[in-house]
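Worksheet: one structure, shown below.
Both counts, for ligands and for their atoms, begin at 1 and track the order of listing. Nothing fancy with the numbering, it's 1 onward along the sequence.
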Amino acid sequence: MMVLTKKMIEIRGILQTVGQSNALTLPSIVVIGSQSSGKSSVLESIVGHEFLPKGANMVTRRPIELTLVNTPDAQAEYGEFPALGLGKITDFSSIQRTLTELNLAVPDSECVSDDPIQLTISSPHVPDLSLIDLPGYIQVVGHDQPSELKQKIADLCDKYIQPPNVILAISAADVDLANSTALRSSRRVDPRGERTIGVITKMDLVDATRGASILKDPRYPLRLGYVGVVSRVPPQSTSLFKKGSGNISSLISRNESAFFNAHPLEFGPQSGVAVSTTTLRTKLMHVLEQTMAASLQSTSDAIHQELEEATYEFKVQYNDRPLSAESYLAESLDGFKHAFKEFTESFGRPHVHEMLKEELDQRVLDLLAQRYWNKPITTLSLAPPEPDSLADLPKADPESLYWHRKLDASTSALTKLGIGRLATTVVANAIQANVDRLISQSTFASHPFARQAITEAASGILNERFYSTSDQVENCIKPYKFEIDVEDGEWARGREHAARVLKNELQAVDEAVKNVEKAVGGKKKLRDVVGFVDKTRKGEIVVEGDGRSGAGGFSSDLLQKGKEALFLSDRATLLNLRLRALKSPQCATKMNKYHCPEIFLDVVSTKLVSTAVLFLNVELLSEFTYQFPRELDIRLGRGLGQDEIDRFAREDPKIRGHLDVIRRKELLELVLEKMEGVRDLERGRGKGKGKR
Ligand code: GDP
């Protein structure tokens, strides 16, 4: 039993997934030969199936790393391309097609590629072997082939026939051995013929005496010897035999035996020559087993070295910090949930209240501007008359139905604004914006997949809650649409707040004036154009036409800016006026609400906001705080498969490097452990031999 080879092949499989360096390559049998020397036929007779690319112009363009795995307890025969992930292929003509396609994919400009195709064939009928099929040497470059093809193939073969590999040099019997390119190449790298097996194909094509003499040829002595084969499928059987369907070993072997048996003198047991595919197989198994055994020490040294490097990298670059895709995801998720919790603690009722109040303050300002601060009935002031045109306007009369209606209409405009929808939108947008902020501050920032999952989790919950929340809020503020009671305390607080809002607005107006000033190019210029616009407004200057373009020597753009500035200065005068009114004793009491709509509307908006916040808190905030982390668990925790978790973690290059080095270390450790097992086996064997 070739236990060693089997175990080493298994180890090689693991090493391949490590992405091994050349030092870690375990010995293989490298098959070389000229085109048409019968190389493919020999490999196929060992495998028992036709599976290699054929055809008049078919030059193998990539090495095929062929791993044969003996599966004594199984019936099935199949091939696998580990790098392609096509699964088990039981139809060998399909394997042949895939190999052909892979060959054709190498561009002409490249001639041949040294990127090997990995193919594993498992069968109860194959021995455990690791073979590398190389492009056949060509003698004459065909007219439609690149001229450097010949050299490139030779270079590629040279790369593979280096130690510790065993060379299987194929030569045809009907060609003088002196002309065998395979033997010539192997001699260059193995001058004493210590690791070359000679295979002479097409023994049936030469006279038996001559055939036997080739196998004994003293000119090219090989320690591992020559084997003569007839590995062609007999022509009459090909038609009987559907391609790719069954094992051809016995057909070949029957044909081959018939030939060699017919010449017992030349090829029989007494002849001293080695013939037949079966002999070749056995020889290959033994030679590979011995070569593997011989390279155990150096291979295990190389793996140790590699492991040391990986361990060093792990220590220096990653501080020996353990990590797995799962733990990375779990940590990221915990971190994110923690940050979210902190956010919810700061985003409580007072915060939402403030946010909504600000929104409603704006609406109140709009209402005031629309309904009260418009000329010509702007002044409802009880303040002392101003030396200003505004002061000439009519004053609010508390007995007048007109002022009553005005305040009622404004209040109702406010209560019927659609507070439910407005408040819910404001809060939902704020939550979504904060979730986005939390993402960009978290490890998930560099993971597009997770970003999307989190954003969708948030918007999913918010959308689901939106209508019911906004309906609830709307329902609860309903009473205010009919009646509003104001208490003294509320009035006092409203008075303070309204004054603050007006002050802020005044500041904003000042800012805007400065901006206009900057835009027109200075205070003086603005004063000139404002003066002009003001005079036309008062009728002191009559402008021909529409008065828009080019009047008074100002450009239409400038005139526009002038109007803007004039509007702003009117607004500032008015705001100052109203601020004075709010501070006046008359506005200190709710009795005078018709004179102080700013305060009254502020009180109303505060009532609306307080009620809305109460329900938003229950319907939206608490629900979101509860559901969001659970939704995250589903989308980024339990809900993910291993593949998705791996893909997620590997999106981040630093994490990918970290995971890779850990995996490399683990695999190398596993390989070393297995190697130790193999070496124990060898030592045991050595002792056994010693006893005998
Ligand atoms: P490769 O180009 O070296 O892979 O050679 P092939 O295996 O494709 O063989 C070239 C040709 O030689 C094919 O037509 C085979 O049928 C034929 N051939 C291969 N081995 C033998 C053999 O042992 N005897 C005879 N008569 N023909 C063979």
- Item | For ligand 1, the portion of Leu52 having any non-hydrogen atom under 4.0 Å away | neither
- Query: When Asn165 is tested against each of Val30, Val189, Asp190 for side-chain contact (heavy atoms from CB on, under 4.5 Å), which residue passes?
  - Reply: Val30
- Query: How close does the nearest protein non-hydrogen atom get to atom 26 (N) of ligand 1, and which residue and atom is it?
  - Reply: Asp204 OD2, 3.0 Å
- Begin with the C-alpha distance, continue with both residues' side-chain angles, and end with the deciding distance and a verdict on salt bridge (charged side-chain N to carboxylate O under 4.0 Å, His left out) for Glu306 and Arg664. CA-CA 9 Å; Glu306 200 79 8; Arg664 195 171 162 77; 2.3 Å; yes
- Item | Heavy-atom nearest neighbour in the protein, as seen from atom 25 (C) of ligand 1, with distance rounded to 0.1 Å | Arg232 NE, 3.4 Å
- Task: Would you check if the side chain of Arg656 reaches a backbone N or O of Arg650 as a donor-acceptor pair within less than 3.5 Å?
- Result: yes
- Query: Hey, is Gln35 touching ligand 1 through its side chain, its backbone, both or neither, going by heavy atoms under 4.0 Å?
  - Reply: backbone
- Message: Counting only heavy atoms, tell me which of Gly136, Pro53, Ser41 gets closest to atom 7 (O) of ligand 1.
- Response: Ser41
- Note on the structure: Within 4.0 Å of some non-hydrogen atom of Val230, the atoms of ligand 1 are 23 (O)
- Ser231 side chain to Glu44 side chain, donor-acceptor N/O pair below 3.5 angstrom: no
- Message: Is there a polar contact between ligand 1 and Lys54, counting only N or O atoms under 3.5 Å apart?
- Response: no
- Evaluate the side chain to side chain donor-acceptor pair (under 3.5 Å) criterion for residues Arg679 and Ser300: first the C-alpha distance (whole Å), next the side-chain angles of each, then the deciding distance (0.1 Å), finally the verdict. CA-CA 9 Å; Arg679 292 178 71 186; Ser300 109; 3.1 Å; yes
- Message: Under 4.0 Å from a heavy atom of Ser34: which atoms of ligand 1 are those, numbered in the order shown and with their elements?
- Response: 3 (O)
- Task: Give the residue and atom name of whichever protein heavy atom lies nearest to atom 4 (O) of ligand 1, and the separation in Å to one decimal.
- Result: Ser40 OG, 2.4 Å
- Query: Distance only, no hydrogens: is a donor on one side chain within 3.5 Å (strictly under) of an acceptor on the other, for Glu77 and His49?
  - Reply: yes
- Under-4.0 Å heavy-atom contact between protein and atom 12 (O) of ligand 1: yes
- Give the C-alpha distance, both sets of side-chain angles, the deciding distance and a yes or no for side chain to side chain donor-acceptor pair (under 3.5 Å) between Thr181 and Ser34. CA-CA 6 Å; Thr181 324; Ser34 305; 3.1 Å; yes
- Under 6.0 Å between ring centres, would you say that holds for Phe92 and Tyr78? no
- Query: Hey, is Ser36 one of the residues with a heavy atom under 4.0 angstrom from ligand 1?
  - Reply: yes
- Give the single entry among Gly38, Gly33, Ala172 that approaches atom 5 (O) of ligand 1 most closely by any heavy atom. Gly38
